[in-house]
Amino acid sequence: MSKIAISEILRDKKAVFFDMDGVLYDSMGAHADAWNNAFRFYGIDFPQEKVYENEGRTAQSTINLAYQQNEQRNASEQEIDQIYSKKTELIDFLPDIVPFKGAEKLMEYLKKQDIAIWIVTGSSQGKFLEALLDDFEGYISADQIISGNDVKHGKPNPEPYLMALKKSGFNSSEVIVIENAPLGILSAKAAGIFTVAINTGILDDSVLLDSGADLIFKDWNELNSDI
Ligand code: CA
């Protein structure tokens, strides 16, 4: 199957909405490890594949889902706090999370084409949001980030992407989304936005296509091949 080139897709677009983890950062392995070990510490089984399938959920929603599957009930507030604290603690012991080089290459291209850059992430951890401004200095500004702190309903709800449309003033046909995860794709598609998937994780392409991705690339090199 021959793919439409990214320059073609961007021809009449005014903005790109980027997801963060797994799109801008090679971070999902670290998050999956930290979640898996935090759950195991409290006797809950939640394998790595489940983390990838549910990437983009808020922490509370992820923990409730794991308790539903293990204990057939939601987690208590105390359990949510304990497990989320443990996950946050464990991720500090993992190797530094680094940006994908290809992300900056695309941002440089967008800047030259005068296409706006917005970030739409479920993450609410301050240290990652601060790193974003450092690592992509010159491309990203703080008022063009929608984080987990800004929304009531995380992905797969369309709220994060609808909020980005509202704040940016673009309509859905003027924008594309770049996502790596099923729930992120569902969220973007429910907001009516053309969604490009980049499969940086462990799930089959079919999972991302079944979630509604309009186009899928296997990695940043393939996505950037014509720019
Ligand atoms: Ca992601």
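As the structure lists them, so they are numbered: ligands from 1, and atoms in each ligand from 1.
Taking 3.0 Å as the threshold, Asn180 counts as a candidate ligand of the Ca ion (ligand 1), since one of its N, O or S atoms lies below it.
No more than 12 heavy-atom neighbours from other residues, nucleotides or ligands sit within 6.0 angstrom of NZ on Lys101. Within 6.0 Å of the NZ atom in Lys50, the count of heavy atoms belonging to other residues, nucleotides or ligands does not exceed 12.
Per residue Asp19, closest N, O or S atom to the Ca ion (ligand 1): atom name OD2. The minimum distance between the Ca ion (ligand 1) and any N, O or S atom of Glu55 involves atom OE2. Taking the Ca ion (ligand 1) as reference, Asp21 places its N/O/S atom O nearest.
Under the 6.0 Å cut-off for aromatic ring centres, His31 and Tyr25 do not qualify, their centroids lying 6.0 Å or more apart.
Asp226 and Ser7 are linked by a side-chain donor-acceptor pair at a separation below 3.5 angstrom, with hydrogens and angles left out of the test.
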